[in-house]
Amino acid sequence: MNSKKNILVCIDWYLPGYKAGGPIRSCANLVGFLCKDYNFKIVTTNVDYNDTEPYKTVKANEWLLLEPNVQAYYFSKDKLTTTNVRALLKKTDYDILYVNGIFSFYFTILPLFFSNKVKIVAVRGMLAQSALKIKKVKKIGFIYLAKLLGVFKDVVFHATSKEEVVDTRNFFSNPIKYAPNLPRFNTDSSTIPNTIKEQGKLRIINVARVSPEKNLLFALSILREIKGEVVFHIYGPINDNAYWQRCQSEIDRMPANVKVEKFDAVESSQIHSLVAKYDLFFMPTLGENFGHVILESLTAGVPVLVSDKTPWNNLSDYNCGWHYSLNSPNDFISKIESLVSLNSTEYNMFRENATKFISLNSNTEQSVLLYRQMFDC
């Protein structure tokens with residue numbers, strides 16, 4: 001007899017999707033680490049973020065076994081209805097409902113409304129001030145209407161950072177469980193490729209959605225001021241076409257020494273090897289709940305340059321990354337130009353420091369324990 005608890009996970013997008021970024025990665029990572037202790041049943045859609053074509057590798061509207069103790073049900077667009085969501089929850093055996101996000105009608109509101117089991121809501125950065133600035137009136141109105149209707153009554157909120165605990169408490173008095181995001185399961189950080197960094201040149205990468213909160217426009221304005229040869233490659237889906245047009249205008253104004261190219265989003269499994277080919281990960285974000293790609297970069301031995309709006313504010317102590325205020329663009333310019341001037345021997349110190357940082361600050365066992373305590377409530 002299987003005595004493991006059954007956890008029903010509801011999330012708009014899941015593997016093999018990757019274009020929604022952090023929420024998919026966060027959920028996949030916790031499943032990877034905890035599927036030996038619990039049975040996971042994941043309810044999601046059969047298309048990736050902003051896509052219209054369904055995944056070719058999964059069957060829709062039936063339970064599929066992804067790996068031992070992990071099943072998934074991929075709703076097709078035509079079958080994703082209130083009636084079908086309610087029916088699926090009613091006939092599925094589970095002990096805990098774990099929903100990802102605040103604002104999803106089909107994967108947050110309906111499951112919470114129809115479930116009478118233990119309910120946990122992963123905030124996933126959606127209550128941060130930087131996130132609420134986008135469609136603020138609509139989001140704030142949604143939260144208060146949901147509270148008025150009792151949607152979030154009797155739920156436990158899951159926060160992945162101390163800042164998110166505060167963000168959640170600004171809106172809800174419910175219990176809050178803290179358990180930090182987990183790294184990618186079975187990531188090998190022991191082998192960093194040998195790369196030659198040319199003095200006077202710098203290869204920079206940005207992996208993120210093209211949207212205002214990721215602050216690509218600011219990054220481009222910084223690079224326009226850099227002396228020395230810079231290659232800047234942007235990987236990610238365009239989430240805001242109007243914003244991308246502004247970015248494109250900035251790209252068109254770049255001096256000859258700064259080469260910018262835009263590429264499509266890459267699958268999550270490819271990010272580690274992709275980032276390792278560059279000298280710097282640069283993302284002056286308006287705010288990150290975690291920033292999985294920052295962790296991926298450090299694991300790949302690549303230093304990072306970010307704003308002070310992420311949880312990664314101790315990287316300078318280890319000399320493997322830097323964070324600056326967005327009100328101080330000259331700090332970003334100075335740091336990038338100092339990196340441009342380094343030769344390969346001088347630069348490789350930062351690669352070594354990045355891997356040291358990962359080994360010294362990895363406390364996965366303690367994080368997994370916090371998840372067990374949350375799910376064993």
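Fair warning: this is a prediction, and the values are worked out from it, not measured in the lab.
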* Asked: Parallel, tilted or perpendicular for Tyr98 and His158, by the 30°/60° rule?
  -> tilted

* Using 30° and 60° as the class limits, which term best fits the ring planes of Phe232 and Phe282: parallel, tilted or perpendicular? -> tilted

* **Residues His323 and Ser316: side-chain donor-acceptor under 3.5 angstrom** => no

* To do: For Ser115 and Tyr94, test the side chains for any donor-to-acceptor distance below 3.5 angstrom and give the result as yes or no.
  => yes

* Asked: Within 45° of the ring axis of Tyr178 and under 6.0 Å from its six-membered ring centre, is that where the NZ or CZ of Lys162 lies?
  -> yes

* Asked: Counting N and O atoms only, with roles assigned by atom type, does the side chain of Ser307 sit under 3.5 Å from a partner on the main chain of Ser325, one being a donor and the other an acceptor?
  -> no

Does the side chain of [X] reach to within under 4.5 Å of the side chain of [Y], using non-hydrogen atoms?
| X | Y | value |
| --- | --- | --- |
| Thr92 | Trp63 | yes |
| Phe375 | Lys5 | no |
| Val210 | Lys262 | yes |
| Pro284 | Phe332 | yes |
| Leu360 | Tyr318 | yes |
| Ile102 | Thr108 | no |
| Phe172 | Val123 | no |
| Leu295 | Phe290 | yes |

* **Lys/Arg-Asp/Glu bridge criterion (N-O < 4.0 Å) met for Glu288, Lys214** => yes

Partners passing side-chain hydrogen bond (donor to acceptor under 3.5 Å, both in side chains) against [X] (at least two apart in sequence or in another chain):
| X | value |
| --- | --- |
| Gln248 | Asp252 |
| Asn314 | none |
| Ser268 | Arg25, Arg184 |
| Asp376 | Tyr38 |

Review item, side-chain donor-acceptor pairs of residues 221-228, under 3.5 Å, at least two apart:
unit_1	atom_1	unit_2	atom_2	d
Ser221	OG	Phe218	O	2.6
Arg224	NE	Glu250	OE2	2.6
Arg224	NH2	Glu250	OE2	3.1

* Structure fact -> salt bridge (charged side-chain N to carboxylate O under 4.0 Å, His left out) filter on Glu267, not counting sequence neighbours, yields none

